[in-house]
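Down below is the structure, laid out as structure tokens.
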Amino acid sequence: MSDVLLPVAVAVPIVAATLPIALGLKYERAGWPVAAAATTVLAGLTAAIGLEVARDGAFSHALGTYEPPIGIELVADELSVAVLVLVAAVSLATLPFARVAGPRGNSFYSGYLLLVGGLTGLVLTGDLFNMFVFLEIVGISTYALIAADRSGASAYASLKYLVVGTVGASLYLLGVGYAFLATGTLNMLDMQVQIVEQASYADPLIRASYALIVAGLGLKIAVFPIHAWQPDAYQRAPDAVTTIVAALVSTASAYALIRVSYTVFTVDFLAANDAITTVMLTVAGASILAGSALAAVQSDLKRMFAYSSVAQFGMIVAAVALANETALLGGIVHLIGHGLLKFGLFLGAGLLALGYGARELDDLASAARSAPYTAGAIVLLGLGLVGIPPSIGFLGKWYIGVGAVESSMGGGSAGIAIAAVIFVSTLFTLSYVARVIERFYFAGVGIPDGHGEGDEHGAAGHDDGDHAGVAADGGRESSAEGVASGSEAESDGPLTPVVDAPRSRFVPDRVSSAPLAILILAALTTVALGFGGYALFEWFDPFLTEVFA
Amino acid sequence: MTVALDAAAGSVPVLASALASGTATASAFDVLTTRHSYVAFALLLCIGIYMMIANPHLVKKIIGLNLFQTAIFLLFITSAYVEGGAIPIVPEGAAETGTFVSPLPHVIVLTAIVVGVSLTAVGLALCIRIYDEYGTLRTDVLRELLRDEGSLPQRPAIGGTDRGETDE
């Protein structure tokens, strides 16, 4: 009975979330091992679920032996497995960084596991109200984690997110309520049938329901006019929390939007309600433009990447509203790709902040000289965000763009407009990623400080290599030198003194090498996935053919 | 002849709309009297949203949030009301006749109340921490304090340079 895997995958992190607090009564540092064990088990379960889906296609599990239309159902299909793999991978990969960067304490890991459990449930559930519950579990644990460093600023950012996020979830619940009034069911697949049988796609109740759900999830995803909570929350949160929240939380909400739009309301509903899709496309377009433009004027790395997320999720919402196969494939690929890219970028930004205490772009001049690995990986991920071909960032944008143009083939300019907006946004993205590259590799050539300190720390021969590399072609070369000289952390010390003195003891070598290895692995994975474009298409094909049947 | 027919045909919708408007005023009154819980739902929803947006006090924002959620609970409960409906519990051996109320909306509301309570708890905990740190719960004062502290440096820079970067 392989379908038992599904409830187990949801239960493991949630049950494990109680352990850090319980064991914390006796052991001071129980949190991290428990979290590591639970996420490792989750990764294993995810692999098993993925194999099962790859072999036999989608499968489901009826909770508590109540059969689906009445009972709650957990479903794994190609789409949910893809997002589940992202959830499992990111939640496991963030842990080494959380161990180094904090926040420490058992309660943090309880919140962390609760978040992971909520995300797993959100991805696997096949019931609309159950989805609301998991949405709120994700929400509550995210609010708690954002404020986990106990500073006033993060508490304020978290409270802002709490108010907006709760309104979003409540609007979702209201939408589900309307749909429930119209159909009398909460199971996704059953509702898909009942909407046609008991109501119609033109039924005001159904339309209002979809509009409320989209508005609610839009608040959680943070698309443009209602994104204001997101940059503050991402910037103020502890680095390790930003890494997982930015990679997964909005992604899960966007997954919910795709799931509700295509599994519950179906393509025919979207086709029958032009007004709703037009509004969605307009909002998405505004989101893409505004997010990119705002990102381009930021000076704080985390804030820049946060605004960039607003733009990327605009593209995903656009892909949902375009309602054709290519665009949806692009949307899903971009959803996964963006999650991975933002995981890497925030991890890189966090590592730089931890090692050098520098969060502003201006303070990171010639970071590539002293942190060649980290800087190189960030630049690689940044280029993926722009959409330079051998990266998954390119694939997603490309499919969305092609889908947008395709949707305009039969007349109508909305698709062309979206394609144009994506192109403009790509230029903006290039402009801010290029600023990062310029800062990292070219800016500090004339600055003596930092480099001088590096002289004292590094071995003489290695340092000469760095000099030559930077002078010759600014960075690429020196990055190679850094690789040759061994671990990045040993050439780390200089740039600026670390802010948190007690934590800086963890920076050298041994501890920071694990998150660094993960960062490089993430960067390489985005490139590898970019090459695997056709495999992705094949993987999502059953889902897409079912949706567009 | 055709003109007359057309006129007649034209007059029918007019009549119909007149009738409809007549019934509309009547039904608006009806709605207020017989569907008052739906009206209360809409009112509570709007009051809640207004409080969240307009009130600068953080705790009152959370109260607004609670009103907003309560409105949604009210919608579910109201929609589940069945005239003469019984509790859906059938004793063993009893006849399964009669109207029963669907238990699902009530279960949903129970769950949603639990979610709402935990959200309120988290929100109030955050409020306590903000008050400990800054000694105020008013967002306008808070924003000033955060700006002075340097935690909100970007705001003036983006919205036009209204107060400049004095801390540099």
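The chains referred to below are lettered A, B, ... by the order of the sequence lines, with proteins before strands, and numbering in each begins at 1. Note that the coordinates shown come from a computational prediction; the quantities given were computed from them, not determined experimentally. These numbers come from the heavy atoms of this one structure, side chains and all, not from hydrogens, waters or symmetry mates.
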Tell me, do B/V107 and A/F129 make a side-chain contact under 4.5 Å, heavy atoms counted?
-> no

If you look at every heavy atom in A/A153 and B/Y134, which pair is closest and at what distance?
-> N-OH, 3.2 Å

Among A/G139, A/G184, A/S154, A/S158, which has the most heavy-atom pairs under 4.5 Å with chain B?
-> A/S158

Could you give me the CA-CA distance, side-chain angles and deciding distance for B/V115 and A/L173, then say whether side chain to side chain contact (heavy atoms under 4.5 Å, CB included) is met?
-> CA-CA 12 Å; B/V115 170; A/L173 178 63; over 6 Å; no

Engaged part of A/L181 at the chain B interface, taking heavy atoms whose separation is under 4.5 Å = side chain

What's the shortest heavy-atom distance between A/F180 and B/P105, and which atoms?
-> CE2-CG, 3.6 Å

Atom group of A/I70 that falls short of 4.5 Å from chain B, counting heavy atoms | neither

Contact check, side chains of A/L174 and B/F76, non-hydrogen atoms, under 4.5 Å = no

Kindly give the heavy-atom pair with the smallest separation between B/L126 and A/A147, and that separation in Å.
-> CD2-CB, 3.4 Å

Heavy-atom side-chain proximity of B/I72 to A/L171 below 4.5 angstrom = no

Between A/S170 and B/Q69, the two heavy atoms sitting closest are OG-CG, 3.6 Å

Residue pair B/R129 / A/A155: nearest heavy atoms and the distance that separates them = CD-CB, 4.1 Å

